Every structure is written in C-alpha cells, then in structure tokens.
Protein chains: 2
Amino acid sequence: MDALTIHEAAETSGWSPRMLRYVERTGLVTAARSASGYRLYGPGELQRLRTLKELLERFGVGLSDIAFAARLESDGALREAVETWLRSEPQRPEHVSAADWLRFEQDKHEKLLAAA
Amino acid sequence: MDALTIHEAAETSGWSPRMLRYVERTGLVTAARSASGYRLYGPGELQRLRTLKELLERFGVGLSDIAFAARLESDGALREAVETWLRSEPQRPEHVSAADWLRFEQDKHEKLLAAA
DNA sequence: CAAACCTTGACACACTAGTGATAAGGTTTG
DNA sequence: CAAACCTTATCACTAGTGTGTCAAGGTTTG
C-alpha cells in the first residue's frame, strides 16, 4: 500500500494527525492530495516524518529551527549574510586567548586611570 | 574611546540597553566586564551589534534563528543530521519534476480505481 | 556625598510555536 | 445509508521570544 491516510500515517510515523497538518504548514513535509482533497502519505513522506521526529528529539530543536535551516539552504542571500556575520565573531570566550583578554582589560584600566 | 558603557553602546548601535543584555543571554554578542562587573563594549562588539540588527531587519529573522545558525556551525553532529534530513527531501514542489508528480498522481488514480 | 550610572531580578505584555479538542460539513465504504 | 473517515476553522492552553519598566542595591564621578 503506497498512499496512507492521515490517521494511518500518524500511527506509523509517531506524529498526531493534528501535528501532521501543522508540519505541513511549516513546509517541511507536504502530503499529496487525492481528488477529493484527502492527504495521501507515500513511503517517502513517512520516512521523512520519522527521521524528522528523531532529529527534533535527539537534538532538542524545534520545527521552526529546521524550517529556518531549510530557508538557509534555499535563500543564498540569507545564508551569505548569516555566515558573514558569524565569521566576524571573535568575541566568543572560547575564541579569545587569555593573553588577549588580559591585555584588553589592562588597556581599559590604563584608559580609566588616564581619564580620572 | 574604546570601551563604551551599555547606555553608550545602546545609543550608537540602535539597540536598547535591555536588549543588549538580552542579546548577551542568547550568546550572540557578549560584552567584556570591568572589575566591578560593568559591561564594556569595544569597537568589535559595536560593529557586530549594528550588523546583527541590520541582518535581522533585512531578512525578517529572529535572534533565535541566528542563535540556531551559530549552533549549527559549532555542533557538527547537528549540522550533519539537519543536512542529511534536508537532502532526503524530494517532495518540495520546486524539487519535483512535473513528470514525477504526474506519475505519482496517476499511480494513485490507478490504485484508487483498482480498489473501487 | 549625591547624582547618575551600572547590575540582577522580576512583573508585564504581545506574539509565535506547538499541541489538543471540538465543530460543521464533505467522502468513502461495509 | 450510516459509520468512520477526511477537510478547514476555531478555541484554548503552555512555553518561549522579544521588549519595556521598575525595584533594590553596588559604582563612579563631579
């Protein structure tokens, strides 16, 4: 059987019917439609639904995060801008050497003393 | 003047002091601290704050989205899993050829007719 | 030392994400 | 044809994001 209805798909994928409709609205897994408008889930959709669920649970991320990742993949300008911003990011604690940090602090002390 | 206080940084970056503290909690832009705990913003932080604000406004994304992108960059397993999931994604309208779609629909019709 | 800063914490509010339940109405099927 | 599906739309509720304001208390500075 290739095309399951939403309840059948829900049972075999671990999502609720309600959530399958919600997932569809996020654009992450879209079901085909029968002539009368019923959602039809094929093996591909079922597979993606299962792996999507596992992905969310394993990393504790949300549907909106994955939707954003999808947007990053399809919107080159956005991906470009985000990556550029992230690369100009030397202030994260792990990336600052103790020596640099100390020098920064000392510079500030000098300035504060000089200003007083 | 290299190190600005939070109010000064707010005025020159376009964020409110409240939001600068919030941005810091997201981990995206962290200020250095004076000996007594005051936040000190250097030119680098100011630059990143300005470009971050422009990034958010230009693309209509949220701080949490950029925070997620940062997590993608630093967590290889997560990036791997997300990319793998996105690649197994042939059902997005743009990625499905008209011929494939038609065949899928026809298959379903055959099945529906056969079942009737 | 008092005014003008800074800090964290908390109350408050609007909006989005995520999720269930339920209603009104069409479809499929034994 | 009636039971068991399906559809969209709506109400409701929790949690998280984004943002302002205010309180209690430490710091800096004219």
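All figures in this text were calculated on a predicted structure; none of them were measured in a lab. Proteins get letters first, then strands, A, B, ... in listed order; numbering begins at 1 in each.
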**OP:** Determine the minimum heavy-atom distance between B:Lys53 and B:Gly14, stating which atoms define it.
**Re:** CE-O, 3.2 Å
**OP:** Summarise how protein sits on nucleotides 9-25 of chain C as a single string, 5' to 3': B when a protein heavy atom is under 4.0 Å from the base, S for sugar-phosphate-only contact, - for no contact.
**Re:** --------SBBBB----
Original post:
For B:Glu83, what residues pass the salt bridge (charged side-chain N to carboxylate O under 4.0 Å, His left out) criterion, not counting sequence neighbours?
Top reply: B:Arg87
**OP:** Round to the nearest Å and state the distance from B:Leu52 atom CG to D:dG18 atom C1'.
**Re:** 13 Å
Original post:
Does any non-hydrogen side-chain atom of A:Leu63 lie less than 4.5 Å from one of A:Met19?
Top reply: yes
**OP:** Map every base of DNA chain D to its dot-bracket character, where paired means a Watson-Crick or G-U wobble contact with both distances under 3.5 Å and | marks a partner outside the strand.
**Re:** ||||||||||||||||||||||||||||||
Original post:
In whole Å, what is the span from the CZ atom of B:Phe68 to the P atom of D:dT17?
Top reply: 13 Å
Original post:
Atom CG of B:Leu49 and atom CD of B:Glu24: how far apart are they, to the nearest 0.5 Å?
Top reply: 10.0 Å
Original post:
Under the side chain to side chain donor-acceptor pair (under 3.5 Å) rule, what pairs show up with a residue in residues 11-23 of chain B, not counting sequence neighbours?
Top reply: none
Original post:
If you measure from CG on B:Asp75 to CZ on B:Phe68, what distance do you get to the nearest 0.5 Å?
Top reply: 9.0 Å
Subject >> B:Leu20 CG to C:dT8 P, straight-line distance once rounded to whole Å >> reply: 12 Å
**OP:** Report yes if some heavy atom in the side chain of A:Leu78 is under 4.5 Å from a heavy atom in the side chain of A:Arg71; otherwise report no.
**Re:** yes
Detail all sub-3.5 Å separations between protein N/O atoms and N/O atoms belonging to nucleotides 1-5 of chain C.
from	atom 1	to	atom 2	distance (Å)
C:dC5	O2	B:Tyr38	OH	3.3

Original post:
Taking the side chain as C-beta and beyond, is there a heavy-atom pair between A:Asp65 and A:Leu56 under 4.5 Å?
Top reply: no
Original post:
Tell me, do B:Phe59 and A:Val82 make a side-chain contact under 4.5 Å, heavy atoms counted?
Top reply: no
**OP:** Give a yes/no on whether any side-chain N or O of B:Ser36 is located under 4.0 angstrom from OP1 or OP2 of D:dT28.
**Re:** yes
Original post:
With sequence neighbours excluded, what pairs up with A:Thr51 under the side-chain hydrogen bond (donor to acceptor under 3.5 Å, both in side chains) test?
Top reply: B:Trp85
Subject >> Interatomic distance, A:Glu8 CD vs C:dT29 P [rounded to whole Å] >> reply: 10 Å
Subject >> Spacing of A:Glu24 atom CD relative to D:dT7 atom C1', expressed in whole Å >> reply: 11 Å
Subject >> Side-chain (B:Glu57) to main-chain (B:Glu54) donor-acceptor, under 3.5 angstrom >> reply: no
